[in-house]
Structure formats: C-alpha cells, structure tokens
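To start, the structure itself, in structure tokens.
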There are 2 protein chains.
Amino acid sequence: MLKQERHDLIMRQINLHNRVLSSDLVQLINVSEDTIRRDLQEMSDASLLFKVHGGALSKSYHSIFDDSDVYAKEDKIVIAKKAAKLVKDGMVVLTGGGTTILELAKQLPENINATFFTISPLVALELAKYPNIEVILIGGLFSKNSQITYGGHVISQLYEINVDLCLLGTSAIDPKNGLTDTDWEINQLKKAMLNCAKKVAVLCISEKLNTSLRLKLTSLENINYLITELDVNDEKLIDYQAKELKII
Amino acid sequence: MLKQERHDLIMRQINLHNRVLSSDLVQLINVSEDTIRRDLQEMSDASLLFKVHGGALSKSYHSIFDDSDVYAKEDKIVIAKKAAKLVKDGMVVLTGGGTTILELAKQLPENINATFFTISPLVALELAKYPNIEVILIGGLFSKNSQITYGGHVISQLYEINVDLCLLGTSAIDPKNGLTDTDWEINQLKKAMLNCAKKVAVLCISEKLNTSLRLKLTSLENINYLITELDVNDEKLIDYQAKELKII
DNA sequence: CATTTTTTTGCGGTTTCTTGCAGTTTTAAT
DNA sequence: ATTAAAACTGCAAGAAACCGCAAAAAAATG
C-alpha cells in the first residue's frame, strides 16, 4: 500500500469516527507501529489532524455546533451511554432531536448494524459516521429553534413507518401528568413518533423530573423506558414506577 | 509500444483501480523503471494524475478527500458571492450539497426573504440562521459520502415541487459532454432536480472545467448560469458559450 | 536516399525515501 | 511509586527516485 493511500485511509477513519487509535490502524493497515506513528506525525505537521497519545483526533471535531457549552454535558453522556445499550443489531430506530439524543448518536457501539430514522439533521450527520448504520432523514419544514424537521409532511411520513424503538428527549416529565411540552406543533410531531414505535424510550436529565408544561404528550403508561443519569434506585425515581415503564 | 499507448494504458489502469504501482507497470508494459517514471512524471506535469513514491493515484479519487477539508476555499467564496446575487426576494430555490453550495449558504444577504428546498442537512442548518428564509429539508436515505439525502423517496418528492432556481455544484464540466458524474444514484437525483426548476445555475471551480466523468447529467444548453471564480472574459471560458447559458 | 536532428530509452552510479527493529524515554493510569 | 503502553531515537536494508550519458529509434531535412 502506498503511503498516500494510507494517509487517505486514515483520514477516512478520522472523518468517520472523529478519532483513531494507533493500534487499530496497525491492525487495519497491517504495518508497524512506527509507520503509523510517522504517518500521523506527517499528517499532524500538515495539520490534517490532532495527534494525541495513542492516536489522533479530527481537527474539525469541533463541529458546526460548538458543543462545549451544552448544558449538563456530563450527565447527558451518562444518559446516552445507558440508552445506547437499548439499541441492538438489526433494529429499526426512530429518534428525535436535542442535545441528549445527539450525544446518544455519538455513544453507539462502533460496528452496530441498524436502521435509523431521524428528524434531526445533526443526528443524521452523526449517525452517518457509523459504517453499518443506514440513516434515513425524514424531511419537511425545518425548525430554526429546535433544529428538527416538523409539520404535516413529517407527520404524514411518520404514519408510513413502523419502528422497533423510538428514542425521545423530553421537555418535562411528571408522575401524574406524564410527558408535557409547550409547542403545539412539536407536540403533534412527537405524538406521531410515539404512534409508530413498538417501544418508546425517554431520555431525561433528572433536573426535568417533576416538572410540567401546558400541553400533554402522553402519560407514563405509554412509555417503556425512562433513562436518567441517576442510579436506578435513586429515591427521586420512586414516583415513576409504572406498569410498563422500566427505569434505567 | 508507443509512448502515447503507454500513457493510455496507464490512464486506463488508473481509472479502473484509482491507483497504480510503478513496479506493476514495469511488468505489464515491459519497459525499464526509468521509462515508467518518466511517463508518470509527464502525466503528472499535465496533471492527469498524482505521482507518489512507488506509483501514482487518480486525481479525482484524491480530490474527494481534499474536498472534505474545504479545498480551494478562497475560490469557493468568490463563486458563492457571485451566486448569491442570483437569489432574489420571494424566490423559491432548490439547492444540492457540497462545499461550494454550503459556502453559498453563508454568503446570502442577511435579510433575504426566500424559500429554500435542500437535500443537504448541512446547508439546511446554515440557511436556518437567516430569519426570513423558510427552509424545507427534503428527506430520504442519507448518503454517508456526499452528505445529502438521495434515493427514490427524494426523487419522488422532487417531482412534486416547482422552483424558480436550482443551484447545483458539479463534479465535472466539459463543453462537449456538459455536466458529468460518477455515481449513478446521485446522477438520477440531479436530473430530478434540474427537472423541477425553471432556471439552473451551476457552481464550478475552474479546476473542474474541461473534465469529464462517466455518466452524463445534462448538456450545456440546459443550464442557465455557469458560475466560476474566473473573470467572465477569461479565455478558459470561451468554449462554454451556449445559447441559453450565461457565464458569471 | 543519406544524413542530420530530435526524441526516446536503458544503464550505471548515486541519492533519497520508506520501513522495521532495538533500545531508551515518556506518558498515563493505578 | 509502579508498571505497561506508547512515543521517540538512531540505524540499517531495501526500494524507489534521480542524474547524466550514450545507444537506439524516429522524424525531419536537403
């Protein structure tokens, strides 16, 4: 293999995963560690990537969206990792938007084999980095605020699909009122999403527990998993026991 | 074997495999290493290929990766600014993907009032920053390589819309062959895009002038604007005069 | 047709590039 | 502090590139 080809391959890996391990490259390309190290050194000199101990990082990792100021990022990563375990090989999954879901899209296992429908372009871009995920972006009007597609066109497309699992962020959750929201359009959309999924998982930072908003989306009985950053036995979650609801 | 025959053979190898090793060519053509080296040197000078230690790589293969880290950014900004002037208040516009189009999305006038259909999530995110642009993201399968939606679902949605202007990047353009491409799916998609637009503008860095690929998209007569970073009177553009085509 | 001119090609010698190895130092995590 | 993994350093062998030259081939010329 020519050096340039190696470099291209490495760039592809980096564009795909935002990072590479030297050891993985050694296996993948089947050359010595030294060669990989020198490759990374050269590419780093040409500022094509950031070289770090053990591998390299994408330079453009700081994507379009500066996610450094994402609120409660650490908590969201914990939630995302838990949620990632729900996604099994062969599944068809539907996701909403939001920073928690976006984090989930980054935390999936490298080689997972699945089909993802999503209404969030950002999530689509993130999912596209996995070699074995098929991504279908549901199109329609694009909301400047929530950065998702919405409107009648989206909803009518949702009626045509049928998924194993729907992963949803939430604005507010409460034992009595269930999931609630403020925006009527988005609420309609989420109802349609729930409607086409066999199972529903709600990702929610503990801060949003015991809050309610004006519009009711659905009650707790209709969701199957509630995922927070808290320990499963945390007392804050006691009130959320429900027949079909598994707390993770 | 004549020199030109050797060159043709080398080009065929490169088009076929995207790469070629000097040592293979020596065996294949049965000439000395020096001859091969000199051949590759000449072809590299004529920028028909990329010469690297040990062989040569296809130029197009290489530029795929260059595009990802915004190759020729300055030129693309010039093109984008010219193209931005085509978009008037009240228009309904359809755009493709690619770095040039993305740059265009950044160069529009602040308060422009328009409706944009797009197959590129990245472009959608960029357009969403304008307060008075309505963005409609056309959904479907998401292509990991070109970062756009594609496939039958996208095409059938394109049949249902009708736009004033279609803004398209291009892989290759040539006076005789018109616009050409390598990917059949993407080509079908672009045909559908042309089909639903009253006017078509092609954005193209001069480097891609006089290049052809395997699949024909359309001939020059069917496009209305050709936008490059060159001066309108540049001699490289002389061959592109066509009845309906305005060079910008 | 003969001869001159130009181009092309292969060869020998030299230089540069690439890669893996061995030994040492640095890093990061416990 | 200990320890294992990774990074660095220098080196050497093999491969490829380069340079100048001269033979061979092709083209041009009178």
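Side chains are part of it too, since the values below use all heavy atoms of this structure and drop only hydrogens, waters and symmetry mates. Proteins get letters first, then strands, A, B, ... in listed order; numbering begins at 1 in each.
- Partners of B:D183 by salt bridge (Lys or Arg N to Asp or Glu O under 4.0 Å), not counting sequence neighbours: none found.
- A:S143 is linked by a side-chain hydrogen bond (donor to acceptor under 3.5 Å, both in side chains) to A:S146, counting only residues two or more places apart in sequence or in another chain.
- Nucleotides of DNA chain C nearest to A:T35 and B:V31 differ in position, and the one nearer the 5' end is that of B:V31.
- The closest side-chain heavy-atom distance from A:D164 to A:L94 is not below 4.5 Å.
- Between the CD1 atom of B:I36 and the C1' atom of D:dA15 there is a distance of 16 Å, rounded to whole Å.
- Listed by first then second residue, pairs satisfying salt bridge (Lys or Arg N to Asp or Glu O under 4.0 Å) with a partner in residues 78-96 of chain A number zero, not counting sequence neighbours.
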Assess whether side-chain hydrogen bond (donor to acceptor under 3.5 Å, both in side chains) is satisfied between A:E229 and A:S206, documenting all intermediate values. CA-CA 7 Å; A:E229 83 277 15; A:S206 62; 2.6 Å; yes
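- The salt bridge (Lys or Arg N to Asp or Glu O under 4.0 Å) search around B:D239 returns none, not counting sequence neighbours.
- Place A:S23 and B:S23 on DNA chain D by their nearest nucleotides, and A:S23 ends up nearer the 5' end.
- A:T118 and A:T95 form a side-chain donor-acceptor contact under 3.5 Å, judged by distance and modelled atom types alone.
- Residues passing the salt bridge (Lys or Arg N to Asp or Glu O under 4.0 Å) test with B:E185, sequence neighbours excluded: none.
- Evaluation of the salt bridge (Lys or Arg N to Asp or Glu O under 4.0 Å) rule for A:D174 yields no partner, not counting sequence neighbours.
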Give each protein N/O atom lying under 3.5 Å from an N/O atom of nucleotides 17-22 of chain D, with the pair distance.
unit_1: D:dA17; atom_1: OP1; unit_2: B:G54; atom_2: N; d: 2.9
unit_1: D:dC19; atom_1: N4; unit_2: B:D34; atom_2: OD2; d: 3.2

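- For the helix from C:dC1-D:dG30 to C:dT30-D:dA1, the end axes, each set by the C1' atoms of five terminal pairs, are bent relative to each other by 40° (nearest 10°).
- B:T99 and B:K76 form a side-chain donor-acceptor contact under 3.5 Å, judged by distance and modelled atom types alone.
- In terms of heavy atoms, A:I173 sits closest to A:C204 at CG2-SG, 3.6 Å.
- For residues 4-23 of chain B, every residue pair satisfying the salt bridge (Lys or Arg N to Asp or Glu O under 4.0 Å) rule, not counting sequence neighbours, is listed here: A:E5-B:R19, B:R6-B:D39.
- Here salt bridge (Lys or Arg N to Asp or Glu O under 4.0 Å) pairs that include residues 26-36 of chain B, with residues two or more places apart or in two chains, are B:D34-B:R37.
- Along DNA chain C, the stretch of nucleotides lying under 4.0 Å from any heavy atom of chain B spans, 5' to 3', C:dT8 to C:dT18.
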Taking only nitrogen or oxygen atoms into account, show me every contact under 3.5 Å that the protein makes with nucleotides 23-28 of chain D, one pair per line with its distance.
none

